[in-house]
Amino acid sequence: MKVDANVLNLVDGEKTLTVGRSRPVHDVSGDYSFAEYHIDLGGTHQFVAPITITLPFDAQLAGEGWAGITHYDADHELWIPLDTRIDRDAATATASLTSLSPIRMAYYHRFTGDQASL
């Protein structure tokens, strides 16, 4: 995992970055899989400027479905897909966000028409 904290978020001094990762979860129906991350930068979850995160990407797990980074919106109690850049050669997924925890590297395998079911 790589986190670019953006220098604008560090103007008030050094901060400690902590990362926790859950064990991968695979839905029993086979519809989705994910790894959940809890990231903290100096006790701050909201940022002045976007940060960029890069997570490991598993092409086999992605298959033909949708894969990307999602962020939990506590106000709406939903996982929101982020604009994610997948680099299959480097086996990474990258997204920018302004708040951190929790996030998931998610893989949705079920299709409805042209769209993977989220």
Side-chain angles (χ1 to χ4, degrees):
M1 162 181 245
K2 177 183 173 185
V3 177
D4 177 356
N6 193 323
V7 71
L8 294 175
N9 292 310
L10 303 174
V11 294
D12 56 350
E14 291 185 18
K15 295 181 180 176
T16 301
L17 175 72
T18 57
V19 178
R21 180 180 182 251
S22 70
R23 300 177 96 193
V25 172
H26 305 284
D27 176 52
V28 293
S29 67
D31 289 344
Y32 63 89
S33 304
F34 64 85
E36 191 166 306
Y37 296 83
H38 293 270
I39 307 168
D40 180 82
L41 183 64
T44 303
H45 293 282
Q46 298 286 355
F47 297 101
V48 174
I51 65 165
T52 301
I53 58 167
T54 301
L55 302 176
F57 170 77
D58 185 332
Q60 285 187 315
L61 209 49
E64 296 296 320
W66 181 89
I69 298 172
T70 61
H71 183 264
Y72 188 70
D73 182 327
D75 292 335
H76 296 98
E77 299 180 350
L78 295 170
W79 287 94
I80 308 299
L82 300 175
D83 182 20
T84 305
R85 293 172 305 286
I86 305 289
D87 183 337
R88 289 182 177 269
D89 293 332
T92 60
T94 302
S96 294
L97 55 156
T98 56
S99 65
L100 278 179
S101 196
I103 59 170
R104 288 180 175 172
M105 181 62 230
Y107 306 88
Y108 291 91
H109 311 295
R110 182 182 219 174
F111 281 94
T112 304
D114 294 339
Q115 303 283 328
S117 293
L118 301 177

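- In the hydrophobic clustering of ILVMFWY residues, with side-chain heavy atoms under 4.5 Å counting as a link, Leu55 and Ile86 come out together.
- Taking both residues in full, the closest heavy atoms of His71 and Pro102 are given as CD2-O, 3.7 Å, listed atom of the first, atom of the second, then distance.
- Looking at residues two or more places apart in sequence or on another chain, you find no side chain to side chain contact (heavy atoms under 4.5 Å, CB included) involving Ala91.
- Partners of Ser33 according to the side chain to side chain contact (heavy atoms under 4.5 Å, CB included) rule, which considers only residues two or more places apart in sequence or in another chain, are His26, Leu61, Tyr107, His109.
- Atom OH in Tyr32 sits 11.0 Å away from atom CH2 in Trp79 (nearest 0.5 Å).
- Val25 and Trp66 fall within a single hydrophobic cluster, where Ile, Leu, Val, Met, Phe, Trp and Tyr side chains are chained together by heavy-atom contacts under 4.5 Å.
- No side-chain heavy atom of Thr94 sits under 4.5 Å from any side-chain heavy atom of Asp87.
- Contact record, Phe57 with Ala67: CE1-CB, 3.7 Å, taken as the closest heavy-atom pair.
- Shown here for Ala93 and Met105, the closest heavy-atom pair between the two residues is CB-SD, 3.6 Å.
- With sequence neighbours excluded, no residue satisfies side chain to side chain donor-acceptor pair (under 3.5 Å) with Asp58.
- The shortest side-chain heavy-atom distance between Thr52 and Arg85 falls under the 4.5 Å cut-off.
- Scored by the side chain to side chain donor-acceptor pair (under 3.5 Å) test, Thr92 finds no partners at all (sequence neighbours excluded).
- The side chain to side chain donor-acceptor pair (under 3.5 Å) search around Thr70 returns none, not counting sequence neighbours.
- We find the CD1-CD1 distance between Ile103 and Ile69 to be 6.0 Å, quoted to the nearest 0.5 Å.
- Atom-to-atom distance recorded for Leu97:CG and Ile80:CD1 is 12.5 Å, nearest 0.5 angstrom.
- Residues passing the side chain to side chain contact (heavy atoms under 4.5 Å, CB included) test with Ala35, sequence neighbours excluded: Arg21, Tyr37.
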